Amino acid sequence: MPRHQREALDVPQGRHGDQYRPFAALIDREKRPGCGHDPLVTTEFPSATILGYPRIGPDRELKRALEEHWAGRTGRAELEATGRRLRAESWRRLHELGLREPGALPSNTFSLYDHVLDAAVMLDAVPERYRGAADPYFAMARGADGLPPLRMTKWFDTNYHYIVPEIAPRTAFRAVADKVLGELAEARALGYETRPVLLGPVTFLRLAQAAPGAPGGFDPLDRLDDVLDAYGELLAALAGEAAWVQLDEPILVVDGGSPAVRHAYRRLAGLPTRPRLLVASYFGDAGDALPALAVAPVDGVAVDLTHGVPRNLELFEGRSVVGGVVSGREVWRTDPDAARARLAAAGATSVSTSCSLLHVPYTLRGESGLPSGLAFAEEKVAEVVALAALGPKAGPVPVPPRPAGEVRAESRGPYEARAAAQRDLGLPALPTTTIGSFPQTGELRAARSAVAAGRLPVAEYEARIEAEIARVIREQEALGLDVLVHGEPERNDMVQYFAEHLDGFAVTRNGWVQSYGSRCTRPPILHGDVSRPGPITVRWATYAQSLTARPVKGMLTGPVTIVAWSFVRDDIALRDVTMQVADAVRAEVADLEAAGVRVIQVDEPALRELLPLRREERAGYLAWAVAAYRRATSGAADATQIHTHLCYSDAGEVLEAIDALDADVTSIEAARSGFAVQEFSRGIGPGVYDIHSPRIPGRDEVVARLRRALAAVPASRLWVNPDCGLKTRTYDEVRASLANVVGAAEIVRKSLK
Ligand SMILES: Nc1nc2c(c(=O)[nH]1)N[C@@H](CNc1ccc(C(=O)N[C@@H](CCC(=O)N[C@@H](CCC(=O)N[C@@H](CCC(=O)O)C(=O)O)C(=O)O)C(=O)O)cc1)CN2
Ligand SMILES: [Zn+2]
């Protein structure tokens with residue numbers, strides 16, 4: 001059913017608990033395997049719950065508190081106090097929205113930076129080198145005095161990023177339960193019996209990486225039994241404190257690993273002293289992994305029912321089956337009939353969100369001008385409560401829309417012909433460039449909100465943007481970079497900015513979603529057919545080019561990334577949505593080219609992110625993603641140099657697809673993830689330093705990286721650039737870092753002759 005015709009659920013706000021009964025009555029007490037002790041409050045899983053909740057704060061209170069703290073303006077105590085206030089306010093609001101049964105409210109879902117990092121701390125898996133830092137937690141997250149941070153990467157196929165734990169053969173795991181016990185006690189003092197949420201042991205180890213220096217064949221999963229000992233201690237500590245504990249195992253929806261799951265949950269379920277265990281899988285169908293769980297007598301499983309119904313659920317008869325029918329990562333209202341049909345088909349005994357609500361904004365309240373048919377976190381909680389009151393009802397389970405027709409990958413001329421046609425750009429060997437953005441200053445952001453509020457005339461704002469572009473061009477000329485950028489000062493975000501200039505998208509006022517640490521985005525809402533009313537970037541690109549004789553690179557966001565970082569309509573296939581966006585980008589490429597812009601970068605940092613978690617679906621996705629990129633870029637003349645940029649990409653997994661994008665130059669994150677430059681047959685710029693940390697790379701360090709790269713790529717195809725845009729850095733950091741990058745390129749260039 002099209003969204004706008006969908007009936008909204010009648011969502012009661014703050015009615016009383018008796019409406020849960022019809023659903024709770026479905027739970028069969030007798031059949032549930034016992035676990036040998038009387039839990040504190042209740043043994044029944046609540047009829048309605050959510051798997052997790054946003055934590056940045058409805059007005060990004062945590063972001064501000066973190067940034068004040070990192071700037072040295074507040075102490076740790078003030079930061080902790082903000083955290084406590086935010087947790088209390090979330091529980092209060094969730095209770096008010098109807099999550100009132102014991103155990104319905106999750107706890108330990110708050111984090112000062114990241115829940116995977118919290119899990120590492122909970123297991124005492126803190127690498128030795130961070131232990132002496134003034135604040136080991138933030139040192140791991142962000143680096144500290146010469147100490148680089150731990151790697152950060154995408155959380156499954158979402159736009160959230162987690163800190164990658166480092167596990168060594170001798171990491172001494174032990175339970176550090178103070179955070180989880182602290183939040184439980186905090187909630188209890190407020191009158192709430194909560195359900196602690198822990199990252200599960202298998203997901204923890206499979207998301208971790210081997211510590212540097214570990215022997216070649218070492219896999220963090222080799223440490224499963226030791227980690228399980230620590231979980232045993234944690235669960236023992238929680239046994240008298242909470243009726244249920246939720247163990248998050250989203251890794252269940254990824255191929256492989258069933259033996260580890262079977263082993264882990266046999267051991268944990270067999271513990272003599274423990275709370276009831278709910279194992280939560282999400283981000284897809286856990287089908288293949290369910291039998292492994294079924295042989296372990298865990299007390300409940302939570303399954304993602306938003307896209308289909310996982311296979312083999314009958315294996316869980318007699319236990320709690322928590323049906324995730326309200327999407328935790330999309331923003332459309334739940335269709336009650338479809339949701340109830342899914343609950344019925346899955347034999348669900350409770351209603352939940354499909355995953356944590358971390359991935360959606362807090363509330364629609366305060367928004368205007370948005371399409372109808374939306375639900376953000378608060379509205380989704382109300383939906384869960386309403387569905388629990390209604391209960392399951394057999395009916396047809398809808399199938400997702402199929403893509404319409406075939407797609408063909410479009411082509412430009414062969415690379416060699418293009419390279420020849422681009423020679424008049426006059427670039428040296430090892431050309432230096434940046435990825436696009438320069439620091440976004442507080443003044444620019446303040447000016448943007450002043451325009452939105454009508455306090456600053458548009459002409460004045462535009463004059464400030466031009467002044468900033470002029471400054472960015474001057475800085476780059478002074479540094480001696482070869483291919484310049486305008487610095488993206490006019491963009492609030494590389495996706496939202498384009499969404500604001502395309503038809504078919506709506507943007508929110510306050511719909512912030514955490515991306516990593518204190519950083520957030522407001523994902524646009526793609527709700528209709530996409531089209532481009534007029535040129536978007538041409539004015540700024542041509543202004544920048546008018547200020548310099550060096551080539552200025554036009555800067556666009558690619559179609560896959562625009563859809564990946566938006567909330568997208570669900571009534572037509574994602575592939576078809578992406579092709580509409582590709583056509584808009586193609587028109588912008590044509591306009592830039594017509595305006596004389598000779599180098600155009602089309603960023604696709606999210607290409608890897610949308611890669612399906614199941615192997616069998618990957619080739620199909622990559623084929624259309626590549627086709628969309630080529631649709632966007634293949635209209636360019638051979639003489640126009642097309643760049644692309646990817647980051648956080650674990651590029652190794654999609655190298656062939658990146659090559660198939662057929663860009664003349666690809667810049668890619670290499671500083672933190674390490675990948676094989678020799679795989680590339682065209683221009684390649686492996687990032688020479690990590691822009692996510694304030695650390696300034698040394699010139700010699702960059703020289704060493706370039707020499708390593710030259711062992712694999714000829715100098716004629718090697719580019720020199722940071723590994724991502726500079727918008728989160730300060731001008732001081734950027735100047736110092738880029739001076740070393742340009743200096744390093746000069747040194748290496750000389751040694752070529
Ligand atoms: N969409 C998206 N996803 C992405 C990335 C990305 O760039 N975009 N990059 C990767 C890493 N993720 C990142 C995500 C966000 C930020 C980031 O810097 N976000 C900014 C917000 C960017 C923004 O929308 N800025 C707006 C609004 C800024 C703002 O907070 N305004 C103030 C008012 C202005 C003031 O007085 O300061 C307010 O609303 O209160 C603007 O510049 O116009 C932040 O959290 O601080 C960086 C990296 C992966 N995913
Ligand atoms: Zn990037």
Side-chain angles (χ1 to χ4, degrees), residues 407-429 431 433-436 481-486 498 501-502 531-532 534-562 578-604 607 625-646 657-667 680-685 716-719 721:
V407 290
R408 278 183 303 112
E410 300 173 38
S411 294
R412 304 170 71 206
Y415 172 65
E416 291 67 26
R418 289 170 358 216
Q422 292 159 21
R423 218 152 273 148
D424 67 327
L425 286 169
L427 298 172
T433 191
T434 62
I435 304 306
L481 286 149
D482 298 308
V483 174
L484 311 193
V485 296
H486 80 290
F498 287 93
H501 290 83
L502 292 171
S531 61
R532 192 192 70 137
I536 301 169
T537 65
V538 176
R539 165 184 181 172
W540 308 117
T542 51
Y543 176 68
Q545 186 64 82
S546 75
L547 302 175
T548 178
R550 303 184 184 208
V552 171
K553 184 158 67 163
M555 195 59 57
L556 305 177
T557 304
V560 177
T561 299
I562 290 178
T578 311
M579 292 303 164
Q580 292 184 4
V581 178
D583 284 336
V585 177
R586 183 182 177 94
E588 188 70 14
V589 168
D591 281 345
L592 280 171
E593 194 174 54
V597 177
R598 289 286 312 279
V599 184
I600 301 172
Q601 179 170 309
V602 180
D603 292 325
E604 280 297 19
L607 182 76
V626 166
Y629 184 88
R630 287 169 65 150
R631 185 135 150 187
T633 54
S634 59
D638 285 358
T640 300
Q641 189 169 69
I642 298 288
H643 289 218
T644 192
H645 162 71
L646 300 96
I658 297 173
D659 197 48
L661 298 179
D662 196 29
D664 298 301
V665 181
T666 301
S667 66
F680 283 81
S681 51
R682 293 175 286 275
I684 175 77
S716 59
R717 290 198 281 107
L718 187 64
W719 283 67
N721 47 259

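Bear in mind that the values here come from a model prediction, so they are computed numbers and not experimental data.
Using modelled atom types, one side-chain atom of Q545 and one backbone atom of T548 make a donor-acceptor pair closer than 3.5 Å. Using modelled atom types, one side-chain atom of Q422 and one backbone atom of T640 make a donor-acceptor pair closer than 3.5 Å. Using modelled atom types, no side-chain atom of R717 and backbone atom of I684 make a donor-acceptor pair closer than 3.5 Å. Between the side chain of R550 and the backbone N or O of L481 there is at least one donor-acceptor pair closer than 3.5 Å.
Across all their heavy atoms, A595 and T542 have their closest contact at CB-CG2, 3.5 Å. Pairing each heavy atom of T644 with each of A663, the nearest pair is CG2-CB, 3.8 Å. The shortest heavy-atom contact between V407 and A627 is CG2-CB, 4.1 Å. For L661 against R630, the heavy-atom pair with the smallest separation is O-CG, 3.7 Å. Nearest heavy-atom pair, I536 versus L502, reported as atom, atom and distance to 0.1 Å: CD1-CD2, 3.9 Å. When all heavy atoms of D638 and G413 are compared, the pair lying nearest together is OD1-N, 3.3 Å.
Note that NZ of K553 and CG of D482 are 11.0 Å apart. Values are rounded to the nearest 0.5 Å.
Applying the salt bridge (Lys or Arg N to Asp or Glu O under 4.0 Å) test to pairs two or more places apart or on separate chains, those with a residue in residues 579-590 are E410-R586, R532-E588, D583-R631. Screening residues 538-547 for salt bridge (Lys or Arg N to Asp or Glu O under 4.0 Å), with sequence neighbours left out, gives E462-R539, E466-R539.
In summary, of the residues considered (T557, D591, L556), a side chain to side chain contact (heavy atoms under 4.5 Å, CB included) with T537 occurs for L556 alone. Screening L427, L425, T434, V552 for a side chain to side chain contact (heavy atoms under 4.5 Å, CB included) involving V483 leaves a single residue, L427.
Residues P559 and E604 form a side-chain contact, since some pair of their non-hydrogen atoms from C-beta on lies under 4.5 Å apart. Taking the side chain as every heavy atom from C-beta outward, D664 and R412 approach each other to under 4.5 Å. Counting only heavy atoms from C-beta outward, the side chains of I600 and T633 never approach each other to under 4.5 Å. Using a 4.5 Å cut-off on side-chain heavy atoms (C-beta onward), D662 and S634 make no contact. Counting heavy atoms from C-beta outward, V585 and F498 have side chains that stay 4.5 Å or more apart. Two residues are said to be in side-chain contact when any heavy atoms from C-beta on lie closer than 4.5 Å; Y629 and V602 meet this criterion.
With 3.5 Å as the limit, one finds no donor-acceptor pair spanning the side chains of R682 and T666. No hydrogens or angles considered: a donor-acceptor pair under 3.5 Å links the side chains of D659 and S681.
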